[in-house]
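Right, one structure below, let's go through it.
By convention in this document, chain letters (A, B, ...) are assigned in the order of the sequence lines, proteins followed by strands, and residues within each chain are numbered from 1. Small disclaimer: the values here were computed from a predicted structure and weren't measured.
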Amino acid sequence: MAGRSMSEYIYDPYTTVHTKLAELVAEKTGEDPQFVSWLITVPPRKEYGDLSLPLMRFARKTGVKPDELYREITEAINKSGLDVSEVSLEGGYMNLKLDVPRMAEKLAGLIRKGWSVSLPRIDKPRRIVVEHTSANPIHPLHMGHARNTSIGDTLARLLRARGHIINTRFYIDDVGKQVAIAAYGFKILGVDPLSESRKLGMKPDHFVGWVYATTFSSIEAVDLKKQLNDAGNDEERSRLQEKLDGIMAALASLKERDPGSYFDKIFEHVTATHDNEAEIQRIMVRYEKGEEPEKSLIRGVVDAALEGFRESLSRIGVVFDDWDWESELVWSSRVGKIIQEAKNSRYYIKYKEADAIDIPKIIKELLQTDEEARKKIKLPRGWEIPPLILVRSDGTTLYTTRDMAYTLYKFEAFNADEVINVIGADQRLAQLQLRLALLGLGYRKEALNLIHYDYEMVRLPGIRMSGRRGRFVDMDSILDSLKIRAEEEVRKRNPDADAAWIGRVSEQIAVGALRFTLIRTSAPRPVVFDPEKVLNLEENTGPYLQYTHARACGIMKKHGSIDFESINYEACNESRRRNLLLMTMRYPMVAAKAADDMAPEDLATYLLKLADEFNSWYQVDPVIREPDVGARECKALIVDYFRQTMKHGLELLGVPAPERM
RNA sequence: GGACCCGUAGCUCAGCCAGGACAGAGCGCCGGCCUCCUAAGCCGGUGGUCGGGGGUUCAAAUCCCCCCGGGUCCGCCA
């Protein structure tokens, strides 16, 4: 028995029919079962049946006539004993009607044995690293990060539920210039970021964010004033003046939000310093070498920001398996090793007098003949990609160089088959360069199994978010407003409930509203985030699903446990019940496909439709007041299965599922 | 200038990868439904040159080409 699974995995009745049908058709047509499974659809009209197969499609490929195929498949279905009650041929489609009462009976049998909803497990599980969020530790998480986090965490949940072995990681970008700027600000203030923010009663990442924005904007203001003095023509002057006005306005707003009396200290210091840039440069260079006191200074800032991140993340149900420090990669010579390998490589060149990798040559030599690599690397046709510079003239490393080392580290640390980077679409070129560079250095497996899961930005209706100016809608305050809005509603509906319960449920609703809204739009399209509109908790929102789930829970609570012996399964055939049950039973297949396609939005769309189906049924077919015992218990079974399914789906999306709200 | 992504109802979005059975939801707007399992709900109505044009096909929102509009990227930034 060793090495083999202890028991055959038990599929729900619907998955069984769907899967077996796909296999059977695949056998008859010589197609791939997976492909056939995609083509099995739900007919647009109920009269046509429950499942349908586009026979013309298979006929075209195999040369067998549709009615011939129809005859063969029908025969095979009859022999197989699938829960199919009727088949028909209409307009080139083979339509199947399922034996729902029999499926319901099987389902009840499973539930009685303690079986619960789950996804069909993938045949060959992979070890997958999902890196997501990885926000710069210099300001609070804003809505852009929230989308990244929601996508990343949901992907991890989906893939895990499908049977893959998942490792989630957060990349701490502590080596770059931006962190050095924040550190410079704290150096001027001479305070410890974490303890100072505690003293202020402020979330540490918010404090860091304020100091960073103030420092950065002050420096920029000083620089611009200098440029303005040197500017030649009027056109140049007015352009600079306009830019300066913008920064001064941002500074005024930052001063207004001064959490203590820090503003003047930073601003005056920066103004009085001859060369702020050199100061920052010094911090950066010394940190890359791991020298004190810069090391403690930067770590202090970053630790404070991360502390704030963890608070926000745990609020929306996100935890990471590992936190990786970029600096560790530099200090541990992993980055140095990559640079050395590059120098020894046939793709090493000097570009603009710096050490670089000849990306065009890699494309020319390695992608022309290697069909698989071409496909997986996803190189756009006419894209000219410049060589990749590895090291600055001052000897410090560049982001992409460090990312090469990090990519290899992720594969190695988890012994991963695949690494998914959830990163914005604006980083496409960089991510492509990364894959090509790794390919050039001989890391073919890593290059081909590094997936850039890209998503478009979150925009606000009027303004453009800018961490540098301290202008963004941060996740914490969005959650706070959502919670306040939810509280009104919960209190209204539960006047006797105690405050603690109201607070808990409202928090769950806030989290659900936020995560759902960020996951339901497919990744490649931009999300326009209107804080006002998210406060609407009606249909097509997370709270709508939560509410529907809570309704089902309410019914089951009143009904009590199901009397399985009394169930009349034929009662499932009543049209609306049948629709609801069937749609509910489709869940495992839908969720599995969403996982395989890495398309969480498909699950979101399905759950909305499922909730609609439940709500319209709910309105007309009462459970508790049903006089006929057989029908009542049948309905209770449907409600209970729906409740279980919805809860499972919501959990995959990271939307909490309160039982009352 | 080049490349990539997006463009479906007034608004927010499914459907496109794997072409086929009347182009779907929600919001909004109009009209109904709480002595009855939570009205964050339900029922009905309103609303669409699927950005435009060509092509492939028996069949195109879906595939190919061109164009238009919006976004993004082309750093010794990250």
Side-chain angles (χ1 to χ4, degrees), chain A residues 34-39 41 43-45 47-48 52 54 56-57 90-93 95 136 173 175-179 326 351-356 378 380-386 389-394 396-400 402-403 424-430 432 454-457 459 486 489-490 492-494 509 513 517 520-528 530 533 536-548 550-559 597 599 601-602 604-606 608-609 611-612 614-626 635 639 660-661:
Chain A
Q34 171 78 85
F35 181 71
V36 176
S37 177
W38 285 338
L39 296 180
T41 57
R45 290 193 226 172
E47 310 92 88
Y48 290 144
S52 77
M56 292 162 298
R57 223 207 137 71
E90 238 164 320
Y93 282 85
N95 294 321
N136 268 341
D173 183 13
V175 178
K177 187 173 174 180
Q178 294 189 301
V179 169
E326 192 172 17
Y351 180 69
K352 294 185 185 173
E353 287 159 47
D355 294 326
K378 286 185 188 147
R381 280 158 310 175
W383 217 356
E384 277 174 43
I385 298 169
I389 293 172
L390 295 168
V391 188
R392 288 194 194 92
S393 317
D394 67 1
T396 57
T397 54
L398 256 58
Y399 180 80
T400 310
R402 300 191 294 264
D403 209 3
D426 52 344
Q427 311 249 355
R428 264 197 176 138
L429 175 65
L432 179 62
D454 54 337
Y455 62 94
E456 275 297 336
M457 294 290 116
R459 266 179 266 285
E489 206 70 25
V490 175
K492 202 161 72 192
R493 288 147 195 285
N494 301 277
I509 293 168
T517 197
R520 58 163 280 212
T521 304
S522 58
R525 69 199 304 155
V527 168
V528 179
D530 188 337
K533 276 192 178 166
N536 161 22
L537 307 177
E538 291 176 350
E539 211 152 336
N540 261 1
T541 64
Y544 169 67
L545 296 180
Q546 293 174 311
Y547 173 73
T548 307
R551 260 185 161 174
C553 288
I555 295 173
M556 290 318 290
K557 201 176 170 192
K558 281 211 171 134
H559 177 276
D597 292 348
E601 69 276 15
D602 289 353
T605 304
Y606 161 83
L608 285 172
K609 272 193 213 144
D612 289 345
F614 179 84
N615 280 318
S616 37
W617 166 75
Y618 164 94
Q619 213 71 23
V620 294
D621 195 14
V623 178
I624 314 282
R625 286 182 295 114
E626 167 64 55
K635 286 193 257 184
V639 173
R660 192 157 67 89
M661 64 187 265

Across the strands shown, which category fits Glu601(A) at heavy-atom distances under 4.0 angstrom: base, sugar-phosphate, nothing? nothing

Arg520(A) CZ to rA25(B) P, in whole Å, measures 15 Å

Exercise for review: Remember a base hit wins even if backbone is also touched, and classify Asn136(A) as base, sugar-phosphate or nothing at under 4.0 Å, heavy atoms.
Suggested key: sugar-phosphate

**Asked** Looking for any heavy atom pair under 4.0 Å, which part of the strands does Tyr48(A) touch: base, sugar-phosphate only, or nothing?
**Response** base

Once base and sugar-phosphate atoms are separated, protein heavy atoms under 4.0 Å mark nucleotides 57-69 of chain B, 5' to 3', with B, S and - as --B-----S----

Item to check | N or O in side chain of Arg525(A) less than 4.0 angstrom from rG7(B) OP1/OP2 | outcome: yes

Exercise for the section: Select base, sugar-phosphate, or nothing to describe what Arg57(A) touches, counting heavy atoms under 4.0 Å on all strands. Expected result: sugar-phosphate

Per nearest nucleotide of RNA chain B, the residue lying toward the 5' end, Thr400(A) or Lys558(A), is Lys558(A)

(message) Check this one for me: any side-chain N or O of Tyr544(A) less than 4.0 Å away from OP1 or OP2 of rC42(B)?
(response) yes

Exercise. Base, sugar-phosphate, or nothing for Leu429(A), non-hydrogen atoms under 4.0 angstrom?
Worked result: sugar-phosphate

*Look at all strands and tell whether Pro44(A) reaches a base, only sugar-phosphate, or nothing, counting heavy atoms closer than 4.0 Å.*
base

Rounded to whole Å, the NZ-C1' distance (Lys557(A) to rU38(B)) equals 12 Å

Within the 4.0 Å heavy-atom criterion, would you say Val490(A) contacts the bases, only the backbone, or no part of the nucleic acid?
base

Exercise. Please work out if Ala550(A) contacts a base, only the sugar-phosphate, or nothing of the nucleic acid, heavy-atom cut-off 4.0 Å.
Key: base

Closest of rA21(B), rA78(B), rG41(B) to the Asn95(A) side chain is rA21(B)

Between Gly91(A) and Ala486(A), whichever has its closest RNA chain B nucleotide further toward 5' is Gly91(A)

Discussion item. Quick check: any donor-acceptor pair below 3.5 Å linking the side-chain of Ser393(A) to the base of rC76(B)?
Written reply: yes

* What do you reckon, do Tyr547(A) and the base of rG41(B) stack, with centroid distance below 5.5 Å and planes below 30°? -> no

Ranking rA78(B), rC13(B), rA21(B) by distance to the side chain of Thr521(A), first place goes to rC13(B)

Under 4.0 Å, heavy atoms only, any strand: does Pro622(A) hit a base, just the sugar-phosphate, or nothing? base

Considering only heavy side-chain atoms of Arg428(A), the closest of rA78(B), rC4(B), rC37(B) is rC4(B)

Testing rC36(B), rA39(B), rC6(B) for proximity to the side chain of Arg551(A), the answer is rA39(B)

Base, sugar-phosphate alone, or nothing: which one does Ile509(A) contact when heavy atoms must sit under 4.0 Å apart? base

Among the nucleotides rC77(B), rC37(B), rG15(B), whichever has the atom closest to the side chain of Arg392(A) is rC77(B)

- Mind checking Leu398(A) for me? I need base, sugar-phosphate or nothing, with any heavy atom below 4.0 Å counting as a touch. sugar-phosphate

Against the side chain of Met661(A), the closest entry in rU72(B), rU38(B), rA78(B) is rU38(B)

> Can you find an N or O donor on one side and an acceptor on the other, under 3.5 Å apart, linking the side chain of Thr605(A) with the base of rA25(B)?
Replying inline: no

Query raised in the report: So what does Asp355(A) touch, heavy atoms closer than 4.0 Å: a base, only the sugar-phosphate, or nothing?
Result: nothing

Taking rC6(B), rA21(B), rG71(B) as options, the one with an atom nearest any side-chain atom of Glu456(A) is rG71(B)

- Query: Lys352(A) side chain N/O closer than 4.0 Å to the phosphate oxygens (OP1, OP2) of rC76(B)?
  - Reply: yes

Of the candidates rC42(B), rA39(B), rA21(B), the side chain of Tyr618(A) sits closest to rA39(B)

Arg551(A) to Phe614(A) six-membered ring, cation-pi geometry met (6.0 Å, 45°)
no

- request: Give Asp403(A) one of three labels, base, sugar-phosphate or nothing, depending on what nucleic acid heavy atoms sit under 4.0 Å from its own.
  value: nothing

